[in-house]
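Inspection log for the structure reproduced underneath, given as structure tokens.
We name chains A, B, ... by the order of the sequence lines, and we start the count at 1 in each one. Values below: every heavy atom of this structure, side chains too, minus hydrogens, waters and symmetry copies.
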Amino acid sequence: MAASRVDVRKTYKLYIGGAFPRSESGRSFVVNDAKGKFLANASLASRKDARDAVVAARKAVPGWAGRTPYNRGQILYRIAEVLDSRGDQFVAELVRTEGVTAAKARTYVEAAVDRLVWYAGWADKIGQVVGNANPVSGPFFNLSSPEPTGVVAVVAPRGPLLGLVSVLAPVIVTGNTAVVLASEAHPLTAITLAEVLDASDVPGGVVNILTGTVSEVAPWLASHMDVNAIDLTGVTDPELATDLERAAADNLKRVRRAPATEPDWLATPGIDRLTDFLEIKTVWHPIGV
Amino acid sequence: MPATASTAQGSASSPGIGAYADVTASEASLRRFLHGLPGVDQVGAEARAASLGTRSIKTTAKAHALELAITMVDLTTLEGQDTPGKVRALANKALRPDPADPTCPSVAAVCVYGDLVGSVKEVVGHQVNVAAVATAFPSGRASMEIKLADTRDAVAAGADEIDMVIDRGAFLAGHYLQVYDEIVAVKEACQRADGSHAHLKVIFETGELQTYDNVRRASWLAMLAGTDFIKTSTGKVQPAATLPVTLVMLEAVRDFREATGVQIGVKPAGGIRTAKDAIKYLVMVNEVAGPDWLTPDWFRFGASTLLNDLLMQRTKIATGRYSGPDYFTLD
């Protein structure tokens, strides 16, 4: 029998601007599996990686927001396709990192695919639901329509795949770009998802994923003047959540507050995650009399 | 660091440019001199520029560098679509780059086409210099009369500085004396009625000079012709300013001062967009030419987008949080 093959040990990097760079700080941290055994090294993002990610996200806004909602829906659907075809890989990864059974992991992966399809469907419908032709007492057409808010920072929740997809999809489907700070406990699945995004026609910079410590990086995103909104779903420390909200107030960021308890990600969501990161634009147009 | 041209030019006892009168006396002697300059070690120059670019400048030194870089900016707009209104807006920005912060210094100059000098002058008065590009910018392809008229018009309109382009075609063809005579003639055209003269910057368009040896020759040629500044590029040709090219030019001005006692300024222009880049240039100025050049009188950045990045980094240091382009003027 031949000598056993040498393992290919994967190094998990960041996902910024459509590329997979190491942290500029050169730091990494050890990620263990559910049994406490070494699993892989992941990049420990610094404030400068967050800065670079925001620059990449800002650069991607005009192109992404300028696409038709239909096209964004198609791209989300494409993410679902690619994720589905790599389902086994995600199942195996969830079993190792979370220590759940294969059947349970399969439920999460399938729910994540379905969640993407669900949000993909909203792409060209949200405008009709939250937009309106307003009745006004004057000779005007008065139309309100939702517009993406811009760059959204997301502190992802613990659920490594379903949780992440459930907070990411609603942000980008309406035309925002995202800087995601992956769950501190389960960073690897986020980077594997980045590989899926990278293969799904998602333009570089629309989604940027950082792995590292929430308390180190999140404050820089919260105070960043070029970030338009922040989703604190994954912040578990109430004191940190308050600090982040306070920092976010400096440029009047939209803030989605940290939930009191981890939401049930398997339940069908409402559209509040979509509408939280939209601005309503109202146009007054004179009617020729 | 590799020793360069200084040895070839004789003693350091400051004999002045006059000592080179025989060099510029004829085409043959000028060519002999320029081709006698030591060649530039291309790999060495690029490696040195790259290694100087890795210096980490932090905290108070960084704050100082950003402040200095702002005062060195020649805020530039050289578009066919420039209007008097647009250059007035730019001139206002030059005076008060960050309207939210009165401690923010003004830039060094506003750089525009000659016909817009008056519009800028109305706004800035004597608080900020006005630089005008002249001599058939950016190609430099026009008759001598037109180039000189271009220069005189700009000076008459009140330009404090003239950025001229050399005739690269003549330079590359080896007609060095023609290029020399042109610079001398434009320098004369910079004279004002009261005897003072507008500062002359000579643009080489290093992206078209092909080799570092040519950049060194062009530098010496312009310096011998009496320029006040040597400038890399018009910004219309890629590559524009690069670190190695600027390194070669900084070595030239350093060696020229050693040989003649005359100090010449350097202005990289085009392609410098981030504060990080600007700081790399400042490190290089300090290391290659020396701290004497670290003032707006002797070193400038020709740039437009650079200023906003400098302001954002400056604001970041002041407030402790990252700033964004939404908070600075579009230009």
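Against chain A, the residues from residues 57-69 of chain B that qualify, each with a non-hydrogen atom under 4.5 angstrom away, are B:Lys58 in number order. Annotation: residues 290-319 of chain B contacts chain A through B:Lys316 [non-hydrogen atoms, separation under 4.5 Å].
By the neighbour-count criterion of 12 heavy atoms within 6.0 Å, atom CZ of A:Arg27 is densely surrounded, having more than that number from other residues, nucleotides or ligands. Under a cut-off of 6.0 angstrom, the local environment of CZ in A:Arg158 is sparse, with at most 12 non-hydrogen atoms contributed by other residues, nucleotides or ligands. In the displayed structure, B:Lys236 atom NZ is contacted under 6.0 Å by more than 12 heavy atoms of other residues, nucleotides or ligands. Annotation: A:Arg22, atom CZ; neighbour count of heavy atoms from other residues, nucleotides and ligands within 6.0 Å does not exceed 12.
For the salt bridge (charged side-chain N to carboxylate O under 4.0 Å, His left out) test, residues two or more places apart in sequence or in another chain that qualify with B:Lys86 are B:Asp82. For B:Tyr113, the ring pair (Phe, Tyr, Trp, His ring centres under 6.0 Å) partners two or more places apart in sequence, or in a different chain, are B:Phe137.
In plain terms, the two heavy atoms of A:Arg47 and B:Tyr322 that are nearest each other are NH1-OH, 2.8 Å.
Heavy-atom pairs under 4.5 Å with chain B were tallied for A:Val54, A:Asp226, A:Leu221, A:Val227; the largest tally goes to A:Asp226.
Put simply, CZ on B:Arg321 and CE on A:Met225 are 4.0 Å apart, with the number rounded to the nearest 0.5 Å.
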